[in-house]
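To find a chain, count down the sequence lines: A is the first, B the second, and so on, and within it residues start at 1.
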Amino acid sequence: MDVWFDVARNLEARLNEAAADLGWDRDVFEPAVRTADPRFGDFQANGVLPYAKRNKQNPRALAEQLVENLGEKKALAAGIDVSIAGPGFINFKLTPTYLLNWLRQFDSEAHLQRDAGKRFAGRTWVVDYGSPNTAKQMHVGHLRTIIVGESICRLLEFCGAKVIRDNHLGDWGTQFGIILYGYKHFLDPEALARDPLEEFERLYKAANARCKEDPAALEEARAELVRLQQGDPDAVAIWEKVNQLSVQSLKEIYERLDVHYDHYLGESFYRDKVDTVYRELTEIGLAEESEGALVVFHPEHPRFATQPFIIRKRDGASNYATTDLATMLYRVEHFDADGIIIVTDSRQNDHFEQLWLTTRKWFEATGRRLPEFQHVTFGTILGEDGKAIKTRSGDPIRLKALLDEAVERAFAIVTEKNPDLPEEKRREIAERVGIGAVVYADLSQNRTSDYIFSWQKLLSFEGNTAPYLLYACVRIASILRKLPAEQDTPPENASAFETAEEIALARKLAAFPAALDQAVTTLRPHFISLYLYELAGAFSSFYNADRVIVDDPAVRARRLLLCRRTLMVLQTGLHLLTIRPLDQM
RNA sequence: GCGCCAGUAGCUCAGGUGGAUAGAGCAGCGGUCUUCUAAACCGCGGGUCGGGGGUUCGAAUCCCUCCUGGCGUGCCA
């Protein structure tokens, strides 16, 4: 029996064909296939109701015609029960046999990927995420862009796209005048060797404080910035050292999070590419002088007709609008990007809307190909009081400290639950569980909501958390370890699923493509989290209700099949979320 | 002022491209380890989906309006 990878999409196609056969107006009829409440089936098509309403016909009768046509043409794969309910819902329920065949066919991550990968095959996406300022420690605020961005990269890759990961560092700001001043006056070489970012931050604070009370210092810091921008070898050497050490430190954290960039093309990379932007935008009449600055207005837009997009400051310097425009061009010309995704918090919405409006007009006027553009946003981080986050000292919570604490707490729990494991093993487990918990806490909620920072939530190891998913993996791994070799039974020997828990788990497994579709369409990884949580829940119920290693070989075969596929799908999903699975904890 | 986002159980959140009785976790209460890891499972209680109007056979979901909070709104990013 042939099974479909994405049942919902195939049902939609078949329903459309049947509707065409019946002479229905295809511009009006929309099958509207959704995942259904399990009580009714696996999928439901709701499209008949509005269509009948519009044509003033009996919805139930139309649903019957449609279903009959599906059956007559045998267009519907055998093994899917179709029924009509209520006023005209069409319910589709996968039979145990269909589910069994689905699980036999999709037997590895590679085989899931082969079908999923048809979606974006041949397309190139540049994803811009992370993008911290150099010479500063990353704090919790950087977590979302890193984690959400990486997960989006993995989703796109899984769906067949070529993905270029670009870290657009803030390495060329006005802050460097102060850092250069600090570097020259307050540097502690030992501290620098110990922890460069810590030292740079201290230098910045010390220099900033000095500049505030001493006008001469402020003057000197400004002079340093000018020197840097003019290419003074001394200033450039220090700037390069600061950036080089910064990136090195950043990579330590990226490594722990399993994030690996292809490029670190920061703002400084575009500093010799801004003249093209000024010239072309002026030539095509898009940019104009206003209050001494070079700006772009969008007369057709209610707000941007008067709210300028400033691309050159009054003092002649570029700003992030300039470098972002240059970046758009570079990504299309150099990487041949079909799509560009930028992941930042939603406070920058105006900026990116203006950037995109401007880019569109610019590219159209100069005959360039226009890429797809997505500004992927997320909410602001708030403290537990619901206001912008701040510790008592006014410093944000450092990402490194958060990860360390998560790992430490995980270590204490592993030690308590599994004291017999060697310490090295417990450390390894704690690293995965702790970091996984932090990552999952972030990815399990809808990215557009504001983010209430809570130690308790980010370090939680109970309920809908990474440890819950990892624990399901561990229990499966444990079963497979304890399975005597002569008791292993291949999927061909499996009988059809019978118990309520078996069937619920099998249905959940076959729903993976629907979850993937939802996540990648909306670029919202939390749909994967939600799915994995439900999958792990279905497995846990199954695990408690049905013993796997039993005497009956046919029953044992089908339960082993469920275990192996559950593990495979969990691992696939965790990988999409940038969480590394475990086989022991 | 204008604009964007949000308001769902005591708390933290799903569901939001309209569908059937609005779901989880945490917290509370009660059960389940001589059998594949109890970081688990099973059960119970808990709701004017911010208020009001509208569209619809059907609204947490779409439209209007009001309230509350956050953010943005010319030289930071």
Without decimals, in angstroms, what is the distance between [X] [atom1] and [N] [atom2]?
X       : N      : atom1 : atom2 : value
D42(A)  : A20(B) : CG    : P     : 17 Å
H298(A) : C2(B)  : NE2   : P     : 22 Å
I476(A) : A40(B) : CD1   : P     : 15 Å
R524(A) : G16(B) : CZ    : C1'   : 10 Å
R447(A) : C5(B)  : CZ    : C1'   : 13 Å
K136(A) : C76(B) : NZ    : P     : 14 Å
Q584(A) : C36(B) : CD    : P     : 15 Å
L458(A) : U12(B) : CG    : P     : 15 Å

side-chain N/O [X] vs [N] OP1/OP2, d < 4.0 Å:
X       : N      : answer
K457(A) : U12(B) : no
R475(A) : A38(B) : yes
H351(A) : U73(B) : no
S449(A) : A14(B) : yes

Measure the spacing between [atom1] of [X] and [atom2] of [Y] and express it to the nearest 0.5 Å.
X       : Y       : atom1 : atom2 : value
R524(A) : T448(A) : CZ    : OG1   : 4.0 Å
M585(A) : K417(A) : CE    : NZ    : 9.0 Å
C473(A) : L532(A) : SG    : CG    : 9.0 Å

Electrostatic pair E534(A)-K508(A), nearest N-O below 4.0 angstrom | yes
Of all the choices, [options], which nucleotide is nearest to the side chain of [X] once you look at every atom?
X       : options                : value
N91(A)  : A77(B), U73(B), A20(B) : A20(B)
R314(A) : A39(B), C36(B), C75(B) : C75(B)
P467(A) : G19(B), C75(B), A39(B) : A39(B)
L49(A)  : C57(B), C36(B), A20(B) : C57(B)
V295(A) : G15(B), G74(B), A14(B) : G74(B)
A293(A) : C13(B), A39(B), G74(B) : G74(B)
R34(A)  : A39(B), C57(B), G18(B) : G18(B)
K482(A) : C71(B), A40(B), C36(B) : C36(B)
N446(A) : A20(B), A38(B), A14(B) : A14(B)
S290(A) : G74(B), A20(B), A39(B) : G74(B)

Would a line drawn from the ring center of [X] to the ring center of [Y] be shorter than 6.0 Å?
X       : Y       : value
H142(A) : Y129(A) : no
F309(A) : H351(A) : yes
Y330(A) : F269(A) : yes

Classify the angle between the aromatic ring planes of F373(A) and W356(A) as parallel (below 30°), tilted (30 to 60°) or perpendicular (above 60°).
-> parallel
What orientation do F539(A) and F542(A) show, parallel under 30°, tilted 30 to 60°, or perpendicular over 60°?
-> tilted
Report yes or no: is the cationic atom of R312(A) (NZ for Lys, CZ for Arg) under 6.0 Å from the centre of the six-membered ring of Y278(A), at an angle within 45° of the ring normal?
-> yes
Remember a base hit wins even if backbone is also touched, and classify [X] as base, sugar-phosphate or nothing at under 4.0 Å, heavy atoms.
X       : value
A472(A) : nothing
R547(A) : base
D546(A) : base

Apply side-chain hydrogen bond (donor to acceptor under 3.5 Å, both in side chains) to D128(A) and S131(A), showing your working.
-> CA-CA 7 Å; D128(A) 171 342; S131(A) 310; 2.9 Å; yes
Determine the interatomic distance between [atom1] on [N] and the same-named atom on [M]; round to the nearest Å.
N      : M      : atom1 : result
C44(B) : A24(B) : P     : 10 Å
G54(B) : C41(B) : P     : 45 Å
G69(B) : G28(B) : C1'   : 30 Å
G23(B) : A60(B) : C1'   : 12 Å
U68(B) : G31(B) : C1'   : 43 Å
C4(B)  : G45(B) : P     : 43 Å
A59(B) : C75(B) : P     : 48 Å
A27(B) : C66(B) : P     : 42 Å

Look only at the side chain of R447(A) and the backbone of G379(A), and say whether a donor-acceptor pair between them is shorter than 3.5 Å.
-> no
May I ask whether F89(A) stacks on the base of A20(B), given the cut-offs of 5.5 Å between ring centres and 30° between planes?
-> yes
Are Y468(A) and A39(B) stacked, counting the six-membered base ring, centres under 5.5 Å, planes under 30°?
-> no
Which residues in residues 537-545 of chain A have at least one heavy atom lying under 4.0 Å from any atom of RNA chain B?
-> S540(A), S541(A), Y543(A), N544(A)
K313(A) atom NZ, over 12 foreign heavy atoms within 6.0 Å | yes
Assert: residue with more 5' nearest nucleotide on RNA chain B, out of P50(A) and R312(A), is P50(A)
Which residue, L294(A) or T522(A), contacts RNA chain B at a nucleotide closer to its 5' end, judged by nearest heavy atom?
-> T522(A)
Which ranges of RNA chain B pair up as stems, where a stem means three or more consecutive Watson-Crick or G-U pairs with both distances under 3.5 Å?
-> B:1-7 with B:67-73, B:10-13 with B:23-26, B:28-32 with B:40-44, B:50-54 with B:62-66
Is Y320(A) side chain donor-acceptor paired with the A77(B) base, going by distance under 3.5 Å alone?
-> yes
Going through the distances and angles, do F297(A) and F304(A) end up as a ring pair (Phe, Tyr, Trp, His ring centres under 6.0 Å)?
-> CA-CA 6 Å; F297(A) 290 109; F304(A) 303 142; over 10 Å; no
Could you pull out the protein-nucleic contacts involving nucleotides 22-25 of chain B (nitrogen or oxygen on both sides, under 3.5 Å)?
from: A24(B); atom 1: O2'; to: Y533(A); atom 2: OH; distance (Å): 3.4

Residue pair K93(A), R507(A): steps toward the side-chain contact (heavy atoms from CB on, under 4.5 Å) verdict = CA-CA 9 Å; K93(A) 189 163 189 173; R507(A) 292 169 84 185; 4.1 Å; yes
